[in-house]
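All values below were derived from every heavy atom in this structure, side-chain atoms included, with hydrogens, water molecules and symmetry-related copies excluded. Please read all numbers here as calculations on a predicted model, not as lab measurements. Residue numbers start from 1 in every chain, and the chains themselves are labelled A, B, ... in the order their sequence lines are given, proteins ahead of strands.
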Protein chains: 2
Amino acid sequence: MRETPQSPEDQKRSLVEAQDGFIAAFGQMGSAWGISRTMAEVQALLYITGEPLCTDDIMERLRISRGNASMSLRALLDWGVISRAHKRGDRKEYFQADQDVWDMFRAILRERMKREVDPLLASLHEIRDKTNTELAGKSDAGRGKRPRDDDPELRQKIDEHNARLDSMLRFFETIEALSQKFVSPAGRGLKIAATLLTSPLMAGGGRER
Amino acid sequence: MRETPQSPEDQKRSLVEAQDGFIAAFGQMGSAWGISRTMAEVQALLYITGEPLCTDDIMERLRISRGNASMSLRALLDWGVISRAHKRGDRKEYFQADQDVWDMFRAILRERMKREVDPLLASLHEIRDKTNTELAGKSDAGRGKRPRDDDPELRQKIDEHNARLDSMLRFFETIEALSQKFVSPAGRGLKIAATLLTSPLMAGGGRER
DNA sequence: GAGAGATTTCAATCATTTCTGAAATAGTCG
DNA sequence: CGACTATTTCAGAAATGATTGAAATCTCTC
C-alpha cells in the first residue's frame with residue numbers, strides 16, 4: 001500500500017465523495033425500513049457534515065426541491081433527530097443533526113415504538129377483549145356455568161386461537177418493556193446494555209457455532 | 001358486563017372476525033416495516049389459524065390472486081417463517097406458520113440483519129477504508145512524516161469526518177454483535193435475554209420517570 | 001403595515017412497488 | 001407417454017408513495 005500524497009484539491013474531492021457514499025448507503029438503508037429515502041439522506045447529510053446547513057444547502061447538495069427539503073426537515077424535527085440553529089445576521093434557518101449516534105437511534109426507536117408497536121398492541125388487546133368476552137372465558141373462574149357447549153370442537157379452536165393471540169400479545173409487551181428500558185432514562189440505557197450484552201462476561205450465554 | 005350466551009354460529013362468526021382483525025393489524029404493522037402488506041397478512045393468517053392451508057385457501061380468504069399468493073408464500077419460505085406440509089391423498093401443497101412467536105421474530109431479525117445491516121456495514125467499511133488511506137491516518141503512528149499539510153483546516157474536517165464515520169461504524173457493529181447473540185444459538189438467546197432485561201433485577205438500571 | 005425574504009402547503013405529476021391473470025413450467029398418476 | 005393438476009413466472013395494470021413547483025402563509029425589518 002503505497003503512500004499517495006494528495007493535493008488539497010484531491011483531498012477535498014475525496015471527502016465529498018466519501019460523504020456522498022455515506023449518504024447513499026444511509027438512504028438505501030432507510031428506505032428498507034419504511035422511511036423515505038430522502039428523509040434518510042437529509043439526516044445522513046446533516047450527520048456526516050456535522051455542521052448546520054440551511055434549506056438551500058440541502059436542496060443543492062441533494063438535488064431535491066424546496067418542498068421536499070422542507071417536508072423532510074420537518075419530519076426529522078418531529079422525530080427529534082435534528083434541531084434548529086441560527087446564524088446571527090442571517091434570516092435563514094439552519095439545521096443540525098444530533099451528533100451522538102446512540103441518542104439518534106434511541107430517538108428513532110422511541111418514535112417507531114410509539115407509532116407502530118403501540119397501536120398494534122392496542123389492536124391486539126381490543127381483539128383479545130372481544131373474543132374473550134364474546135367467545136370464551138379461557139379456563140376462567142366462572143367455569144361450569146357457561147351455557148351448554150354444544151360444539152366442543154369449536155370451543156377448542158377458540159381456546160387455541162386465544163392462546164395464540166396471547167403469545168403474540170406477550171411477545172410485544174416484552175418488546176415494549178425492553179424498549180422502554182433502552183429509551184427512557186437520560187442517555188445511558190441502550191448503550192450500556194448493549195455493551196454489557198456483548199461483553200465477554202456474557203459470552204457463556206450465547207455461544208456461537 | 002352481562003353474560004351474552006351465543007349460538008355456535010355467532011361464536012364462529014366472532015372467531016372469523018377476530019382473525020380478520022388480527023390479520024389486518026399485522027398487515028398494517030408489516031407495511032410500516034418495509035414488508036409488503038400481503039406478505040405480512042399471509043403470515044398472520046397462517047399463524048392465527050394454526051393449521052396448514054393451501055394456496056387456494058389463502059387466495060380465497062385474503063382475496064388475492066394466485067400469483068400474489070404464490071410469490072408471498074415463496075418469500076415467507078425464504079425468510080424461514082413458514083414451512084411446507086402435505087396431506088396424504090392430496091396433491092396440493094399446504095403451508096403452516098412457525099407457532100413459536102419468538103422463533104418467528106428471531107428468523108425475521110436474522111434475515112433483516114443479513115439483508116440490510118450487513119450490506120450497510122460493508123459500505124461503511126469501504127468508505128472508511130477509502131477516506132482513511134487516501135486522506136488521513138487519523139492520529140496515526142507515522143505522524144510527522146505526512147507530506148506537508150498545507151491546509152490544517154481541511155485536515156481537521158477530514159479527521160472529524162472520520163471520527164463520525166467511526167462512531168456510526170461502531171454503533172452498527174455493536175448492533176450486529178447484539179443480534180448475533182440473540183439469533184444464533186438454538187432457541188434461548190433472545191427470549192431469555194429479554195426476560196432478564198425486563199425482570200425486577202434490572203430495575204435499577206433504567207428507572208423510568 | 002408594506003415590502004422582502006423565508007418557509008409551508010398542496011394539487012398535480014412522476015416513480016416505485018405491488019398485484020393480477022394468463023401462459024409457461026413442473027409434477028403426478030394411470 | 002399423455003392427460004391432468006398444481007405451481008411459478010412475468011409483462012402489463014393498478015395502487016401507493018414520493019416529489020415538484022408555484023401559490024399561500026408566515027416573519028422580520030424599517
**OP:** May I ask you to check whether B/Q96 and B/R84 show a side-chain donor-acceptor distance below 3.5 Å?
**Re:** no
**OP:** Would you indicate which nucleotide in C/dA4, C/dT7, C/dT20 comes nearest to any side-chain atom of A/R91?
**Re:** C/dA4
Subject >> A/R110 NZ/CZ over A/W79 ring centroid, <6.0 Å and within 45° of normal >> reply: no
Subject >> Protein-nucleotide distance (A/I64, atom CD1; C/dA15, atom P), rounded to Å >> reply: 16 Å
**OP:** Take the protein atom CG of A/L77 and the nucleotide atom P of C/dT8, then report the distance between them rounded to whole Å.
**Re:** 8 Å
**OP:** Measure from CZ on A/R63 to C1' on D/dT20 and round the result to the nearest Å.
**Re:** 16 Å
**OP:** Round to the nearest Å and state the distance from A/K87 atom NZ to D/dC28 atom C1'.
**Re:** 20 Å
Original post:
For the residue pair A/F172 and B/F105, does the interplanar ring angle fall in the parallel (under 30°), tilted (30 to 60°) or perpendicular (over 60°) class?
Top reply: perpendicular
Original post:
Mapping B/T55 and B/M71 onto DNA chain D by nearest heavy atom, which one lands closer to the 5' end?
Top reply: B/T55
**OP:** Find the distance B/D90:CG to C/dG27:P and express it as a whole number of Å.
**Re:** 17 Å
Subject >> Selection from D/dT20, D/dA18, C/dC19 that lies nearest to any side-chain heavy atom of A/S36 >> reply: D/dA18
**OP:** Decide whether B/Q28 and B/R37 meet the rule of one side-chain donor and one side-chain acceptor closer than 3.5 Å.
**Re:** no
Original post:
Hey, what's the ring geometry for B/W33 with A/W33, parallel, tilted or perpendicular (30° and 60° as the breaks)?
Top reply: perpendicular
**OP:** Provide, to the nearest angstrom, the distance between the CZ atom belonging to B/R74 and the C1' atom belonging to D/dA6.
**Re:** 15 Å
**OP:** Select one nucleotide: of C/dT8, D/dT8, D/dA6, the one nearest the side-chain heavy atoms of A/R66.
**Re:** C/dT8
Original post:
Nearest to the side chain of B/N68 - C/dT20, D/dT19, C/dA6?
Top reply: C/dT20
**OP:** Return the value, rounded to whole Å, for the distance between atom CG of B/D56 and atom P of D/dA6.
**Re:** 7 Å
Original post:
When the distance from CD of B/E93 to P of D/dT5 is rounded to whole Å, what number comes out?
Top reply: 18 Å
Original post:
Distance check: side-chain N/O of A/S70 vs OP1/OP2 of C/dT8, anything under 4.0 Å?
Top reply: yes
Original post:
Given C/dC19, is OP1 or OP2 found less than 4.0 Å from the side-chain N or O atoms of B/T38?
Top reply: yes
